[in-house]
Amino acid sequence: SLEPIQQGEKRVGMESWMVGRQVMVWQHPACFLDGVAISTETSGRGKCKLTKAPFVAGERRISCTAHTTTSNFKLAAVAPSLRALLALVPGRKLEHIEGY
């Protein structure tokens, strides 16, 4: 649901392309986690959005979707951020992420 984020409330931001420009899409931590999945690189041509390091075909990666944008990350590159994010949402665990 589209509930407003209150001032001072924890939020997660991700860049997305909207209305012909780059914008920051803000979400509640639980809403953002709904768009996180563990996926597999199929082509070997993709790169980690954070480190720019290439993926090897068959490599597992973290895929984060906000609005219509999906960004893929090396597991090691986002592990600390993912742990911190999961700590913000009581009852959510790594095992709950799609593709785990």
Checklist entry - Is the shortest heavy-atom distance from the side chain of Leu33 to the side chain of Leu85 under 4.5 Å? => result yes

Checklist outcome for this item: Value for CH2 (Trp17) from NE2 (His67), rounded to nearest 0.5 Å, stands at 12.0 Å

Checklist entry - Got Met18 and Val25 here, is their nearest side-chain heavy-atom distance under 4.5 Å? => result yes

Next on the checklist: Donor-acceptor pair, distance only, cut-off 3.5 Å: does the side chain of Glu41 make one with the backbone of Gly46?
Outcome noted: yes

Checklist outcome for this item: Residues Phe73 and Phe55: closest non-hydrogen pair is C-CZ, 3.6 Å

Next on the checklist: Just verifying a value: how many Å separate Thr65 OG1 and Phe32 CZ, rounded to the nearest 0.5 Å?
Outcome noted: 8.5 Å

Item to check | Of Gln27, His28, Arg92, the residue whose pairing with Asp34 passes side-chain hydrogen bond (donor to acceptor under 3.5 Å, both in side chains) | outcome: Arg92

Checklist entry - Between OG of Ser16 and CD of Gln22, what distance do you get to the nearest 0.5 Å? => result 7.0 Å

Next on the checklist: Would you say that more than 12 heavy atoms from the other residues, nucleotides or ligands in this model lie under 6.0 Å from the CD of Gln7, or not?
Outcome noted: no

Checklist entry - Does any non-hydrogen side-chain atom of Met14 lie less than 4.5 Å from one of Ser71? => result yes

Checklist outcome for this item: Heavy-atom nearest pair, Val36 first then Cys64, reads CG2-SG, 4.0 Å

Item to check | Nearest heavy-atom neighbours spanning Val89 and Ala30 | outcome: CG2-N, 3.7 Å

Checklist entry - Below 4.5 Å, heavy atoms only, C-beta onward: do Arg60 and Leu75 meet side chain to side chain? => result yes

Next on the checklist: Working to the nearest 0.5 angstrom, can you tell me the gap between Trp26 CH2 and Lys10 NZ?
Outcome noted: 12.0 Å

Item to check | Main-chain N/O of Leu94 paired to Arg83 side chain as donor or acceptor, under 3.5 Å | outcome: no

Item to check | Spacing of Ser81 atom OG and Leu86 atom CG [to the nearest 0.5 Å] | outcome: 11.0 Å

Item to check | Working for side chain to side chain contact (heavy atoms under 4.5 Å, CB included), residues Leu82 and Ile97 | outcome: CA-CA 11 Å; Leu82 188 56; Ile97 293 177; 4.0 Å; yes

Item to check | Side chains of Asn72 and Ser39 in contact at under 4.5 Å (non-hydrogen atoms) | outcome: yes

Next on the checklist: If you compare all heavy atoms of Val12 against all heavy atoms of Pro29, which two are closest, and at what distance to 0.1 Å?
Outcome noted: CG2-CA, 3.9 Å

Checklist outcome for this item: All heavy atoms of Ala77 vs all of Leu50, minimum pair found to be O-CD2, 3.5 Å

Next on the checklist: Can you tell whether the side chains of Glu59 and Lys74 come within less than 4.0 Å, N to carboxylate O?
Outcome noted: yes

Item to check | Gap separating the SG atom of Cys31 from the CD atom of Glu3, nearest 0.5 angstrom | outcome: 7.0 Å

